[in-house]
Amino acid sequence: MSARTIRNPDLTDQRPELVRLERRLLLRHGLSLGALSLLTGCNLHDGDAVDRVLWAMSRWNDRVQAALFNPNRLAPTYPESAITDPFPFNAYYSEAEIRTVDTAAWRLELSGLIADKRPWSLEQLRALPQVSQITRHVCVEGWSAIGKWRGVPFRTFLERVGADTSARYVGFRCFDNYSTSIDMATAMHPQTILALDYRDAPLPPKYGSPVKLRVPTKLGFKNPKYLAAVFVTNDYPGGYWEDQGYNWFSGS
Ligand SMILES: Nc1nc2c(c(=O)[nH]1)N[C@H]1C(S)=C(S)[C@@H](COP(=O)(O)O)O[C@H]1N2
Ligand SMILES: [Mo]
């Protein structure tokens, strides 16, 4: 995380336990206090909440998090009026360097513990059932924004291709050479979707055209844009930021 600047404009309370908690979150989990409070819905300026968070942090590691948090817990949703306009662009490169593909020729490649590995076209994905959501995207860099995405529940897709849903991980490769991975419970979460639309129009290049995985229960970096390939595995796959020390679980 050395290359990234962590901003936290909301942290006005300078009580020592908060300062210590913030330092631990950043060092051990790559998470700002602002991001944590948005993900958990806790008001971290209230003493009880701080105690609860400190208690949880002392036991926080990937396995404990997975056991503590109910994978069916829903991320908050918002009205249309709450959508952030313009929604920010972010990537490990600048907006001028966005990659695009010919969406008609694009295919989503499948590998690993999946029965039917035939690649999927955009048209085939559009023919599957779609859902939409207005949810908050929380970036580890200390900003968040509310957006509207529509697409195929990822669970529907995994079941359709015969993925081994008892496997531990789902990994993603992107055509901008980004990668990330999530646990199977998150992959099966009802709000995890293969997003094809942003605000009722096809996903534009800056938000990940033609397909991004939208995971509102995870931090922004666990939401891969520009998807090229999906694989199911029991071997920890890591990812672009995960391999540089970001906490793998990064969510609720
Ligand atoms: N392919 C790809 N996906 C990515 C990234 C990236 O650099 N490449 N950056 C991640 C990070 S850190 C964030 S905050 C979000 C930003 O998504 P947005 O541009 O739609 O706001 O994309 C995530 N997914
Ligand atoms: Mo991010």
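Whatever order the structure lists ligands and atoms in, that order sets their numbers, starting from 1. This is a predicted model, so every value here is computed, not measured.
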Any N or O on Tyr93 sitting closer than 3.5 Å to an N or O of ligand 1?
-> no
Measure the acute angle between the ring planes of His137 and Phe87, then classify it against the limits of 30° and 60° as parallel, tilted or perpendicular.
-> perpendicular
Any N or O on Asp176 sitting closer than 3.5 Å to an N or O of ligand 1?
-> yes
Hey, does Phe175 sit under 4.0 Å from ligand 1 if you only count heavy atoms?
-> no
Polar-atom distance check: Tyr226 versus ligand 1, any N or O pair below 3.5 Å?
-> no
Which bit of His137 is near ligand 1, meaning a heavy atom under 4.0 Å away: side chain, backbone, both or neither?
-> side chain
Tyr207-ligand 1 polar pair, N/O distance under 3.5 Å = no
Side chain or backbone of Phe87 under 4.0 Å from ligand 1, or both, or neither, by non-hydrogen atoms?
-> side chain
More than 12 non-hydrogen atoms from neighbouring residues, nucleotides or ligands closer than 6.0 Å to CZ on Arg107, yes or no?
-> yes
Backbone, side chain, both or neither: what part of Tyr92 comes under 4.0 angstrom of ligand 1, heavy atoms only?
-> both
Any heavy atom of Lys222 sitting closer than 4.0 Å to ligand 1?
-> no
Is there a donor-acceptor contact under 3.5 Å from the side chain of Thr77 to the main chain of Ile134?
-> no
Check: Phe221 N/O within less than 3.5 Å of ligand 1 N/O | no
Look at the side-chain heavy atoms of Ile, Leu, Val, Met, Phe, Trp and Tyr, link any pair under 4.5 Å apart, and say whether Leu158 and Trp120 land in one connected group.
-> yes
Pair Phe154-Phe172, ring-ring contact (aromatic ring centres under 6.0 Å, His included): steps then yes or no | CA-CA 13 Å; Phe154 194 46; Phe172 303 89; 5.7 Å; yes
Does any non-hydrogen side-chain atom of Lys148 lie less than 4.5 Å from one of Ser132?
-> yes
Between Cys174 and ligand 1, which residue portion shows a heavy-atom distance shorter than 4.0 Å: side chain, backbone, both, or neither?
-> side chain
Main-chain N/O of Arg173 paired to Ser179 side chain as donor or acceptor, under 3.5 Å = no
